[in-house]
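Below: one structure, written as structure tokens.
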Amino acid sequence: MEPFTQSVVEIIKEIPEGKVMTYGQIASQAGNRRGARQVARFLHTLSTKYELPWHRVINSKGEISLSDFESSNLQKLLLESEGVKFTRSNTIDLNEFQYHKYDTFNDFDLI
DNA sequence: CACATGACGAGGG
DNA sequence: ACCCTCGCCATGT
């Protein structure tokens with residue numbers, strides 16, 4: 001398997017419950033900042049093959065990016081079932097739910 | 001080889 | 001917030 005694809009698999013596997021990552025974010029972290037579409041295509045075709053938490057991947061606007069109602073609704077339910085909240089406009093607040101592997105502490109909680 | 005197609009993303013009006 | 005355009009790039013026809 002291609003190294004890029006391999007990294008993508010590993011990165012997605014590491015997304016914790018209740019958190020999400022964007023296609024572009026995953027692509028960057030896997031070493032190709034312009035590979036968002038490849039990440040998407042990979043999930044579209046091979047998500048069943050690797051036991052991945054595919055539902056924790058959304059687009060950069062915080063939207064579920066599936067056209068088919070059945071599957072997009074499933075994705076929403078899976079996310080809600082693990083604590084991810086949707087706004088009134090059916091989007092996810094990335095500030096709250098996006099997973100950053102290398103997050104740094106800030107002072108907000110200490111004030 | 002030329003062209004169309006996306007589970008994308010950034011930028012501008 | 002919405003819509004459009006453009007850049008991107010592996011795959012498919």
Side-chain angles (χ1 to χ4, degrees):
Chain A
M1 178 185 280
E2 231 180 302
F4 174 70
T5 314
Q6 184 59 46
S7 305
V8 168
V9 170
E10 285 164 14
I11 290 165
I12 295 178
K13 278 186 175 173
E14 286 180 23
I15 309 175
E17 226 183 280
K19 288 289 184 179
V20 298
M21 284 182 79
T22 70
Y23 301 95
Q25 185 192 2
I26 291 166
S28 298
Q29 194 168 313
N32 179 3
R33 60 191 189 92
R34 298 179 277 200
R37 301 191 93 130
Q38 282 81 287
V39 172
R41 189 173 41 75
F42 168 77
L43 285 177
H44 182 67
T45 58
L46 302 165
S47 53
T48 53
K49 252 179 94 175
Y50 295 92
E51 301 281 341
L52 296 177
W54 58 271
H55 58 285
R56 300 185 188 140
V57 184
I58 63 177
N59 70 26
S60 66
K61 299 182 244 176
E63 299 166 330
I64 284 175
S65 198
L66 292 147
S67 43
D68 173 51
F69 176 78
E70 284 269 324
S71 20
S72 63
N73 198 50
L74 170 62
Q75 179 169 9
K76 181 177 181 184
L77 293 177
L78 286 169
L79 286 171
E80 284 176 329
S81 80
E82 51 186 56
V84 175
K85 306 267 182 61
F86 282 75
T87 67
R88 196 172 351 183
S89 49
N90 222 32
T91 68
I92 296 166
D93 181 4
L94 292 178
N95 285 323
E96 185 173 357
F97 295 107
Q98 182 170 24
Y99 175 57
H100 302 285
K101 186 173 184 182
Y102 302 110
D103 221 349
T104 56
F105 284 92
N106 59 46
D107 302 5
F108 291 127
D109 299 330
L110 304 176
I111 299 175

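Keep in mind the model is a prediction, meaning the values are calculated, not measured. A, B, ... follow the sequence lines: proteins, then strands. Residue 1 opens every chain.
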Please report, rounded to the nearest Å, how far the [atom2] atom of [N] is from the [atom1] atom of [X].
X     : N      : atom1 : atom2 : answer
A:L46 : C:dA10 : CG    : P     : 16 Å
A:L52 : B:dA7  : CG    : C1'   : 14 Å
A:Y23 : C:dA10 : OH    : P     : 19 Å
A:N32 : C:dG7  : CG    : P     : 18 Å
A:F4  : B:dC8  : CZ    : P     : 14 Å
A:Q29 : B:dC8  : CD    : P     : 19 Å
A:F42 : B:dT5  : CZ    : C1'   : 20 Å
A:H44 : B:dC8  : NE2   : P     : 11 Å

Side-chain ion pair, A:E96 and A:K85, N-O less than 4.0 Å: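 Salt bridge absent between A:E96 and A:K85.
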
Return the [atom1] to [atom2] distance between [X] and [Y], rounded to the nearest 0.5 Å.
X     : Y     : atom1 : atom2 : answer
A:L52 : A:E14 : CG    : CD    : 12.0 Å
A:I92 : A:I64 : CD1   : CD1   : 5.5 Å
A:W54 : A:H44 : CH2   : NE2   : 12.5 Å

Residue met sooner reading DNA chain B from 5', once A:Q38 and A:Q25 are mapped to nucleotides: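 Upstream on the strand: A:Q38.
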
So, does A:S60 get its side chain near the phosphate of B:dA10, meaning an N or O under 4.0 Å from OP1 or OP2?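 So the side-chain polar atoms of A:S60 do come within 4.0 Å of the phosphate oxygens OP1 or OP2 of B:dA10, strictly under.
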
Within the pair A:S65 and B:dA7, is there a side-chain N or O less than 4.0 Å away from OP1 or OP2?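 Checking B:dA7 against A:S65, no side-chain N or O comes under 4.0 Å of OP1 or OP2.
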
Out of B:dG9, C:dA10, B:dA7, which has the shortest distance to the side chain of A:T22?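 Nearest listed nucleotide: B:dG9.
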
Which nucleotide in C:dC9, B:dC8, B:dA7 has an atom nearest any side-chain atom of A:R34: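 Closest nucleotide among those given: C:dC9.
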
Applying a 4.0 Å non-hydrogen cut-off, can you work out what A:R37 is touching in the nucleic acid: base, sugar-phosphate, or nothing?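 Counting heavy atoms under 4.0 Å across all strands, the contact made by A:R37 includes a base.
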
Looking only at the side chains, is there a donor atom on one of A:Q25 and A:Q29 sitting less than 3.5 Å from an acceptor on the other?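 No - no donor-acceptor pair under 3.5 Å links their side chains.
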
